[in-house]
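Order of appearance sets the numbers: ligands from 1, and atoms from 1 within every ligand.
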Amino acid sequence: MTTAIGIIGGSGLYEIDGFEKAEERVIATPFGEPSDALVGGTLVGREVWFLPRHGRGHRLLPTEINHRANLWALRSVGVRHLICVTAVGSLKEEYHPRDIVLPDQYFDRTSRREHHTFFGGGIVGHVSFAHPVSAGLRAILKESAAAEGATVHDGGTYVNMDGPAFSTRAESETNRKLGFDVIGMTNLPEAKLAREAEIALATLAMITDYDCWKIEEEPVTAEAVMGHLHANVSAAKRIITRSIPQIPAEADWPEHRSLDGAIMTPRSLWPAERVEMLRPMLQRFL
Ligand SMILES: CSC[C@H]1O[C@H](OP(=O)(O)O)[C@H](O)[C@@H]1O
Ligand SMILES: Nc1ncnc2[nH]cnc12
């Protein structure tokens, strides 16, 4: 079965143009409302669905984003490969604003963990998250970013804070000492939920600032972040457009079978109500 590709846009990326026969779809989910309507259609020959995580008009705080609803909605329209775009602060001297990082690890400093799983309600599952990013999709993004002339750093650890305030200097220094590479407020829950939904995910992290550790630079402000993003969002769109035709139409990567061996609760004990809530991801077991 041919699958769809998802794109989650972050700060500064609220729409994607170029769709043939664009369609807007408002999706109600068992986990509540997604950030906004999905916009989908054919983009460079593939079915693609776009969702801005803060909503159009940037109305949602990082902690107000209903990641479960967002990932559920994308999975329900057949998304099996997902590209996330996120603005990040650099925690490394050699990672400069307007460079692109393709994270391959996350560190969780979030507090709303009960919202970051589809399991519960009588069905217990523990997916493997040692390698949280799809190597296949990351390789495609890397090649496209290089072909577009971007300065791209292949791999890095994204530390996810809650926000909305930026870090203190003490926190920023500590994050550096711990060896993290970039900091943001949104992408880790998406990676966790994508893994549970058997979606292969990779992230284009656009560096917008040096957070607040670099003495000779002004500490990060939202205004400075948006300034760099205005210049960089068109590069992200070009990288995505170049990547789409490289993404396989089938879902046959390891991430597409991440629920194998992950569910503790025997099928006979799964409550019918929870099965209904998780139908898009449990379909192959039913
Ligand atoms: C606008 S500065 C802080 C804001 O930017 C990042 O957004 P996103 O990850 O959606 O691109 C960061 O996570 C904060 O939400
Ligand atoms: N310095 C920073 N901290 C957290 N999120 C960010 N998004 C962009 N820059 C950031």
Side-chain angles (χ1 to χ4, degrees), residues 6-16 34-36 50-67 70-71 82-93 95-103 106-112 116 133 153 156-176 178 180-194 201-215 217-237 239-240:
I7 301 166
I8 294 184
S11 296
L13 181 59
Y14 309 106
E15 63 195 342
I16 292 274
S35 299
D36 215 320
F50 175 77
L51 177 64
R53 70 166 70 81
H54 298 281
R56 290 175 185 86
H58 206 125
R59 295 170 288 100
L60 299 168
L61 285 171
T63 47
E64 290 174 330
I65 296 169
N66 188 339
H67 293 289
N70 288 352
L71 271 290
L82 176 61
I83 299 171
C84 296
V85 181
T86 182
V88 293
S90 164
L91 300 172
K92 279 239 156 86
E93 192 77 56
Y95 285 19
H96 306 288
R98 304 200 187 178
D99 290 358
I100 290 176
V101 180
L102 304 175
Y106 292 94
F107 194 90
D108 192 350
R109 288 196 189 279
T110 66
S111 59
R112 299 172 74 239
H116 299 167
V133 179
H153 305 277
T157 300
Y158 175 117
V159 54
N160 201 129
M161 66 185 295
D162 270 341
F166 292 110
S167 303
T168 63
R169 184 161 272 168
E171 288 163 343
S172 195
E173 284 295 354
T174 304
N175 285 330
R176 263 165 68 70
L178 289 171
F180 306 144
D181 298 296
V182 294
I183 183 158
M185 305 179 189
T186 60
N187 189 225
L188 165 93
E190 294 168 347
K192 276 200 173 147
L193 291 160
L201 165 146
T203 291
L204 277 176
M206 324 288 291
I207 298 183
T208 52
D209 58 273
Y210 284 109
D211 201 29
C212 63
W213 57 270
K214 205 165 161 44
I215 310 287
E217 298 276 336
E218 285 298 315
V220 57
T221 62
E223 197 178 12
V225 167
M226 294 314 282
H228 282 297
L229 281 175
H230 282 311
N232 229 4
V233 147
S234 59
K237 288 181 178 173
I239 294 166
I240 290 169

| Which is it for V225 and ligand 1 at heavy atoms under 4.0 Å: side chain, backbone, both or neither? | side chain
| query | Tell me, do R169 and I215 make a side-chain contact under 4.5 Å, heavy atoms counted? | reply | yes
| request: May I ask you to test the I8-L201 pair for a side-chain heavy-atom distance under 4.5 Å? | output: no
| remark: Of all protein heavy atoms, the one nearest atom 6 (C) of ligand 2 is I183 O, 3.7 Å
| task | Would you indicate whether E217, at its atom CD, is surrounded by more than 12 heavy atoms from other residues, nucleotides or ligands within a distance under 6.0 Å? | result | yes
| said: Can you report which non-hydrogen protein atom sits closest to atom 10 (C) of ligand 2, along with the distance? | reply: G89 N, 3.5 Å
| Where's the contact between T86 and ligand 2, heavy-atom distance under 4.0 Å: side chain, backbone, both or neither? | neither
| request: May I ask you to decide if the ring planes of Y210 and H96 are parallel, tilted or perpendicular, using 30° and 60° as cut-offs? | output: perpendicular
| Considering only protein heavy atoms, which is closest to atom 14 (C) of ligand 1, and at what distance to one decimal place? | M185 SD, 3.7 Å
| Is the closest side-chain heavy-atom distance between S172 and L91 below 4.5 Å? | yes
| request: Consider only side-chain N and O atoms of T63 and D162, and report whether a donor and an acceptor are under 3.5 Å apart. | output: no
| query | If you measure only the distance, is there a donor-acceptor pair under 3.5 Å linking the side chains of D99 and H153? | reply | yes
| field | Under 3.5 Å: N/O of G184 near N/O of ligand 1 | value | no
| request: Provide, to 0.1 Å, the distance between atom 5 (N) of ligand 2 and the closest protein heavy atom, together with that atom's residue and name. | output: G184 CA, 3.5 Å
| field | Pair T203-N187, side-chain donor/acceptor within less than 3.5 Å | value | yes
| field | D36 side chain reached by R59 side chain, heavy atoms, under 4.5 Å | value | yes
| Between D108 and K192, is there a side-chain N and carboxylate O pair less than 4.0 Å apart? | yes
| message | Closer than 4.0 Å to some heavy atom of T208 - which atoms of ligand 2 meet that? | response | 8 (C), 9 (N)
| query | Is there a side-chain contact between I100 and L102, using heavy atoms and a 4.5 Å cut-off? | reply | yes
| task | Would you mind running through ligand 1 and noting each atom that sits below 4.0 Å from a heavy atom of P62? | result | 15 (O)
| field | Shortest reach to atom 4 (C) of ligand 2 by a heavy atom, considering only M226, M206, M185 | value | M185
| field | Numbering as shown, the atoms of ligand 1 that approach G10 to under 4.0 Å (heavy-atom distance) | value | 10 (O), 11 (O)
| query | Is T86 in polar range of ligand 1, meaning some N or O pair under 3.5 Å apart? | reply | yes
| field | Proximal atoms of ligand 1 relative to T186 (non-hydrogen, under 4.0 Å) | value | 8 (P), 9 (O), 10 (O), 13 (O), 15 (O)
| task | Considering heavy atoms of the protein only, find what lies nearest to atom 8 (P) of ligand 1 and give residue, atom and distance to 0.1 Å. | result | R53 NH1, 3.4 Å
| Side chain proximity check, I83 to I239, heavy atoms < 4.5 angstrom | no
| query | Got the closest protein heavy atom to atom 10 (O) of ligand 1, with its distance? | reply | H54 NE2, 2.5 Å
| message | Out of all atoms in ligand 2, which are within 4.0 Å of some heavy atom of D211? Include the element for each. | response | 1 (N), 2 (C), 3 (N)
| Which of the numbered atoms in ligand 2 are below 4.0 angstrom from a heavy atom of D209? | 1 (N), 2 (C), 8 (C), 9 (N), 10 (C)
| field | ligand 2 to F166 polar contact by distance, N or O atoms, under 3.5 Å | value | no
| said: Would A87 count as being in polar contact with ligand 2, using the rule that some N or O on each side must be under 3.5 angstrom apart? | reply: yes
| Between S11 and ligand 1, which part of the residue brings a heavy atom under 4.0 Å of the ligand: side chain, backbone, both or neither? | both
